[in-house]
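Report on one structure; see the data block that follows.
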Amino acid sequence: MRITGAQALIKSLEMQGVEVIFGLPGGAILPVYDPIIDSPIRHILVRHEQGAGHAAEGYAQVTGRPGVAMVTSGPGATNIVTPLANAYMDSTPLVVVSGQVATGSIGTDAFQECPITGVTMDITKHNWLVTDAADIPRTVAAAFHVATTGRPGPVLIDVPKDISNAQMEWYWPQTVEDLDLPGYHPNIEGDPELVHRAAEMILEASRPVIYAGGGILKASGAQALYELAVRTGIPVVTTLMARGAFPDSHPLCLGMPGMHGNYTAVTAMQRADLLLAIGSRFDDRVTGKVSAFAPGAKVVHVDIDPAELGKVRRAEVAIAGDARAVMEEMLEALGSMGIGPEGSAPESGSPAARRPDLRPWISEIRGWQERYPLTYDRSGDTGVLKPQQVVESLRDAAEPGTIVVSGVGQHQMWASQWWRFEEPYTWVNSGGAGTMGFAVPAAIGAKVGRPERAVWAIDGDGCFQMTAQELVTASAERIPVKVAILNNAYLGMVRQWQEMFYEERYSEVYLSPDLPDYVKWAEAMGCVGLRVESPEEVGPAIDKANSIDDRPVVVDFRTDAFEKVYPMVPAGHSNDDIVVSPTEEGAR
Amino acid sequence: MTAVEYGQPVGQPHPLHHILSVLVENKSGVLARVASLFSRRGFNISSLAVAPTDDEHLSRITIVVDVASAPLEQVVKQLDKLVNVVSISELAPEEATERELLLATLSAGPLERGQIVQLVGIFGGQVVDVGADAITVVLAGAPSKVDDFEDLLRPLGIVELQRTGRVALPRLHRLR
Ligand SMILES: Cc1ncc(C[n+]2csc(CCOP(=O)(O)OP(=O)(O)O)c2C)c(N)n1
Ligand SMILES: [Mg+2]
């Protein structure tokens, strides 16, 4: 069958099971947009290519399937550079197809020419410039394979216009060998000897902590994590990328560690004698000053990316492998050492029976939880609306399984701290890159991926202004997302740093509470717009927003501009220097 | 090029050099990916040689880096993640046969040639071109030998000098 390269491209996406493309057409990608008309794949026309990329990321984060975005050459392609960088930092599988000027024009500074494979070389897992239409099916299949296997990540396929227009003989690669990837061999299983050694270390530890990272979610490992935690009785911290990987309501869940983590999660890691780091990467926002991080802990580090092992912290046992596969191997090894099902006593005479008693450790942890719970000033004396209260009210009114998406800043930390995540894949955010403007388009992508779920974006006023125009997309495409703007009239997180570390010298952080008028703006974009100015209005507004399901809703919550995120470990400090909220009982 | 500071072992006058022999797919843009990875991760390449292998689908890049072994391990792992990199072997300098090539043009009239030809002869090099008032010589050899040769050539009036990157293969084991 002879078809054009463009037809082959769309057909290849269909073969990959793609159900939705987020994109925006232009000259160089025109041939590819023609067969989209006849394809069962849904195309969602965004208003800015950055929106296409983040929407594809949101879709990928909640479904586990790769997100797909399509853009034209030059500025279309450069507009999606930020989402590529973001997806690279957060290991999100993303396939971006960009148009390119015709091969004969490459290198001539042709209209809308940009060497996007060069630009994105260091922020994609891999990219391809297609130079022969016959390569298209193989390249698309290879792109999906690379994006989704091993440590997932974004890839880009750059397709020159003459290649899209050229004829080719259709085929579809049948095996991985057909993909022409001689240098790509991701590993899955962990070395059994190392797994055995890790299991022994688990049984030797008296102050262990599981340091659960986003890799667990990438590996569909939440169930295995649950088994590992409950069968061993080891408490779990869930990083910003792993919120929801272990239920917040479980007594063994200590919540989020790191710069704005809670006191118990941070301190348990500091005092641990064993850290089981699984799918986590010792990010500087988690470790604080590395040399002072968890000084008494031996480390077992499990990661599918061998380059993460030993990158920041040397591990006593470093296991390269898929988080879920290795946890399952670990459970088997622990089983053979006498660790039974949840709640059962270890087999007598087994190595597990000689295990140190974890009760003193757990009671120490309970002591921290009692003394230093997450708090904020709830007195409501001043009549000002606390952002944390908004998050709590949204949480309490949300139906189970609601997906929460956030931007970047104070509101992101409050969302992560104050929501209660009970299920994996219900939290979507920009962790590694910290990309303002992520929330609105990512929420759209999440809702497209899980239309049966309620999707709330908890956004900052600054972030909202960066990508709000995608609500036009949401209205036009009938994607009923809900957006809560925690409108503190500031670039709040930066304001907080200036207050704490620059002697309250505020430089370029004021935004204004009512410029723009968010309600009018929402309405102009086809959404319902609501405004909440006092604590009493919170409940009714949320109920109203939750009752609307035929269009997007934006709620402008006018929150306390002076509220700060606590606890906080100042950048570059030891985690022992954690500063708790002034409202915390018995604060140091 | 200078070696990155934190990559150098403390108290050692000469930084350790490591030879990476990297087998890559022979495709356009692969060298850029490899080179970019080094700069992105904060490493300096001190010498580089690239050429196709006997298998036309593959090229070999020989890279000399001056770093301690801990950071090197990180760069090797990152390099290994490049989709176009097929395999990497690290050659310890004492276990490798290394060669570099030097081409030099020296200003030399008929009367001065003799001295140069003699030096070239001692080192086992060759005279490859002779002009009216200049002479071009070549030497292929172990890098330290090439260094010595260059030092001795210098006072003789170098017009132009070019050295290649280093290439290396593992040293063979002998039965004793
Ligand atoms: C694209 C981008 N630009 C700048 C920053 C730096 N930055 C981090 S948080 C923040 C403030 C965000 O303001 P807002 O969305 O209002 O959230 P708030 O902190 O007030 O909750 C800024 C400017 C960033 N993370 N991303
Ligand atoms: Mg703000």
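Heavy atoms of A:Asp305 lying under 4.5 Å from chain B belong exclusively to its side chain. Heavy atoms of B:Leu23 lying under 4.5 Å from chain A are absent altogether. Within the 4.5 angstrom heavy-atom criterion, atoms from both the backbone and the side chain of B:Arg33 approach chain A. Interface residue B:Gln78: backbone and side-chain heavy atoms are both found under 4.5 Å from chain A. In this structure, chain A has a heavy atom under 4.5 Å from the backbone of B:Val85, while its side chain stays farther away.
For the atom pair CZ (B:Arg41) and CG (A:Asp122), the distance works out to 8.5 Å, reported to the nearest 0.5 Å.
Between B:Ala32 and A:Met121, the shortest heavy-atom distance links the atoms O-CE, 3.7 Å.
Identified by a heavy-atom distance below 4.5 Å to chain B, the contributing residues of residues 128-150 of chain A are A:Val146, in residue-number order.
The local environment of NZ in A:Lys298 is sparse, with at most 12 non-hydrogen atoms from other residues, nucleotides or ligands closer than 6.0 Å. Counted within 6.0 Å of CG on B:Asp151, heavy atoms from surrounding residues, nucleotides or ligands total more than 12; the atom is thus considered enclosed.
B:Phe149 pairs by the ring-ring contact (aromatic ring centres under 6.0 Å, His included) definition with B:Phe123, not counting sequence neighbours.
Remark: the backbone N or O of A:Leu309 is paired with a side-chain donor or acceptor of B:Lys77 at under 3.5 angstrom.
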